[in-house]
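Position 1 is the first residue of the sequence; numbering continues from there. Heavy atoms only: backbone and side chains are in, while hydrogens, waters and symmetry mates are out.
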Amino acid sequence: MGWELHGTLVESCSCEMLCPCWFGVQELMKMDQGWCASPLLVRIDSGKCDAVDVGGLDVIVGTFFPGPTMFDGGGTARLYFDPSTSAAQRGALESVLQGRRGGPM
């Protein structure tokens, strides 16, 4: 079985107005300050990864991209889990949020 998450994504970034990266057009994805720092809140209402239920959890994904665009690489991220997250849930969500399970974020 794969994975499936349903919930809310709340994002903020260091750009002055509207994160240009959500537009998906490489020419528009210029970081206002030449770099990007962005926290993402992933609030999971319901979801599973294989047989692991991950519903009701919150995860913060803290990202940093040195720029000038996300396509230049070199980005880093750190995951911060809700204190109620079990080891099995954490492992399941790490694999999804780090892109090791495939599919869109």
Q: Roughly how far, to the nearest 0.5 Å, is the CZ atom of R101 from the CG atom of L93?
A: 10.5 Å
Q: Rounded to the nearest 0.5 Å, how far does SG of C49 lie from CG of L97?
A: 9.5 Å
Q: Report the residues that fulfil side-chain hydrogen bond (donor to acceptor under 3.5 Å, both in side chains) with R100, sequence neighbours left out, ordered by chain and then residue number.
A: Q98
Q: For S38, does its backbone N or O pair with a side-chain atom of T63 as donor and acceptor, under 3.5 Å?
A: yes
Q: To the nearest 0.5 Å, what is the distance between CG on L57 and OG on S86?
A: 7.5 Å
Q: With sequence neighbours excluded, what pairs up with Y80 under the side-chain contact (heavy atoms from CB on, under 4.5 Å) test?
A: I60, R78
Q: Working to the nearest 0.5 Å, report the span between OG of S84 and CD of Q89.
A: 7.0 Å
Q: Taking a hydrophobic cluster as the set of Ile, Leu, Val, Met, Phe, Trp and Tyr residues connected by side-chain heavy atoms closer than 4.5 Å, whether directly or through intermediates, do L40 and V54 fall within one such cluster?
A: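 Yes; V54 is reachable from L40 via cluster members.
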Q: Within the distance-only criterion (no hydrogens, no angle test), does the side chain of W3 pair as donor or acceptor with the backbone N or O of G102 below 3.5 angstrom?
A: yes
Q: Give, for atom CZ of F81 and atom CD of E94, the distance between the pair rounded to the nearest 0.5 Å.
A: 4.5 Å
Q: Supply the atom-to-atom distance L5 CG to I44 CD1, rounded to the nearest 0.5 angstrom.
A: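 Between atom CG of L5 and atom CD1 of I44 there are 5.0 Å.
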Q: Using the rule that two of Ile, Leu, Val, Met, Phe, Trp, Tyr join whenever any of their side-chain heavy atoms come within less than 4.5 Å, decide whether V61 and V10 are in one cluster.
A: no
Q: Tell me every residue that passes side-chain contact (heavy atoms from CB on, under 4.5 Å) with S46, counting only those two or more places apart in sequence or in another chain.
A: H6
